[in-house]
Amino acid sequence: MEPAMTIRRWWLRALVPLVPLVLWAAVLQLAPCAAATADVAPVFLVRIQGAIGPATAAEIKRSLERAAREHAQLVVLQMDTPGGLDVAMRSIVQDILASPVPVAGYVAPSGARAASAGTYILYACQVAAMAPATNLGAATPVEIGMPDMGGGKAPATPPSGAASAPAKHDDTMAAKRVNDASAYIRSLAQLRGRDVAWAEQAVRESVSLAATEALTRKVIDLIATDPADLLHQLDGRALSAFNGAGSVKLDTAHAAIIVVEPDWRARLLSVISDPGLALMLMMIGVYGLLFEFMNPGYIAPGVIGGVALLLALWALQMLPINYAGMALILLGIAFFVAEAFMPTYGALGLGGVAAFGFGALLLIDSDVPGFGVPPSLIAGLALVSAAFVIVLGRMTLKARARPVRTGLQRFVGATAEVIEFGGGEGWAMVDGERWRISAAQALQPGQLVRIARAEGFTLEVNAAAPTPSTGASPG
């Protein structure tokens, strides 16, 4: 055993000096890779989920500005949207075209879609990509107060004399919207070198394409299973910014992906810009303020109502509102207030419920994806308003039936004790107070009288009991 132990010790002593050399070689090998990774500009990933509205437009604008400040090499817009508002979509497209950082549109994950406004945004991006089992298209514009054009096709011309002037006007306006949207998406397709014919067909006929079909027709540039696969396929590709910032050669294979999360303001705006929630906030605000005005001093209903009403107004000014619907809602609210302060036993209140219901139905067009007010919500709010009117009416009837407890009229029917009387006038004690009285018959001090009427500051009384005997205490 002695020779074996000696050999092991000799080998250990020989290997110990080699350990630092091995570690140093490993550091030299890894250093270039680490330096290369550190020098690679990051990629920003921004998610668009749900209906496209003012909150989405503000978030994308903020993300593109941040990407430019932090010198990102690419921004990926990962979309899953049914569409949204035309104004918000055009704002996003303008920000993409003006961005110094190239933008890639990516419809993902599998099962997602980029319908309506999402199709325009995808066409505006320098790179258009889709995940397997996704689709895009159905880009026909819809507008508040206008009839559905049945897939975007222009309506057939009716027989002579069958169409009224308003119908012709609606047809003309619908045709103008479709032509404008068609020219807009054609210009984006020409800018990015994509299929112009299908882009126009998506607007005029509301057609859609699956991912593989879109790649075949050169509507998109590639199909990627996930963001990592997308960046791997884009590695080494040169992209040019539309704003003249020059071309950028992508180095995305080892780039860090920074997921841009919305800030608190964007989250709040995204929540309250839902039309149904905005309508609920408006009603909470109105009821809260109305309760505070009817019962001053509670404070909490007024504070809650004021905050809710301001949030509702902030949300509604961001949404495409039908002003006729808004006018009907305001008229209904005015009827509620009038019912509270000038009780009509429910007449004004029921009129307010009807006006509110019709106004809520007209407030926002349900054809705009994600921006309709659910009929069930409208029915629920109308029932709550009707219940409010009924409760208010019952409270009014009970209040009318109660005896008067304030002012001079509260003394009518009460008993008073005469203090002094002469010449048809005198003084009496009523509830511990001296009041001037008048009577048609003569009265004696200490006599109990009943108040028949209050005139100014004089109470008209009638004898209520015989004059008490001498020495007897009155009452």
Side-chain angles (χ1 to χ4, degrees), residues 286-306 331-356 383-475:
V286 170
Y287 287 141
L289 293 177
L290 186 59
F291 185 86
E292 182 66 30
F293 292 151
M294 294 175 63
N295 303 274
Y298 278 87
I299 307 300
V303 172
I304 295 173
L331 180 63
I333 293 172
F335 283 165
F336 294 153
V337 175
E339 179 67 32
F341 291 97
M342 296 185 301
T344 59
Y345 303 100
L348 284 175
L350 293 178
V353 172
F356 171 79
L383 290 175
V384 170
S385 301
F388 173 78
V389 171
I390 292 172
V391 171
L392 189 63
R394 292 187 62 182
M395 291 173 61
T396 303
L397 290 174
K398 289 182 179 179
R400 291 287 180 89
R402 292 173 186 159
V404 179
R405 298 182 181 275
T406 59
L408 290 178
Q409 296 301 320
R410 75 182 188 276
F411 293 139
V412 176
T415 302
E417 182 180 352
V418 179
I419 299 175
E420 59 182 71
F421 189 85
E425 295 183 349
W427 295 88
M429 188 66 67
V430 184
D431 286 345
E433 298 177 343
R434 287 172 58 93
W435 283 88
R436 182 182 295 276
I437 61 173
S438 65
Q441 68 271 35
L443 302 175
Q444 299 297 324
Q447 182 179 352
L448 294 179
V449 294
R450 189 171 301 280
I451 302 171
R453 191 174 61 170
E455 186 79 26
F457 291 100
T458 302
L459 305 177
E460 186 177 323
V461 300
N462 297 318
T467 303
S469 303
T470 304
S473 60

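Keep in mind that this is a model prediction, so the values were computed, not measured.
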If you compare all heavy atoms of L289 against all heavy atoms of G302, which two are closest, and at what distance to 0.1 Å?
CD2-O, 3.6 Å

Please examine the side chains of I437 and L443, heavy atoms only from C-beta on, and report whether any two atoms are closer than 4.5 Å.
yes

Using modelled atom types and a 3.5 Å cut-off, is there a donor and acceptor pairing between side-chain atoms of E292 and backbone atoms of I299?
yes

Within residues 424-437 or reaching into it, pairs that qualify as salt bridge (charged side-chain N to carboxylate O under 4.0 Å, His left out) - sequence neighbours excluded:
E425-R436

Closest heavy-atom pair and its distance - A416, A428:
CB-CB, 4.1 Å

In short, A463 meets Q447 closest at the heavy-atom pair CB-NE2, 3.4 Å

Distance-minimising heavy-atom pair for N462 and A452
ND2-CB, 3.5 Å

Under the side chain to side chain contact (heavy atoms under 4.5 Å, CB included) test against V430, which residue among V449, L459, T415 passes?
L459

Residues passing the ring pair (Phe, Tyr, Trp, His ring centres under 6.0 Å) test with F421, sequence neighbours excluded, are none

Least distance between heavy atoms, P445 atom then I419 atom
CB-O, 3.4 Å

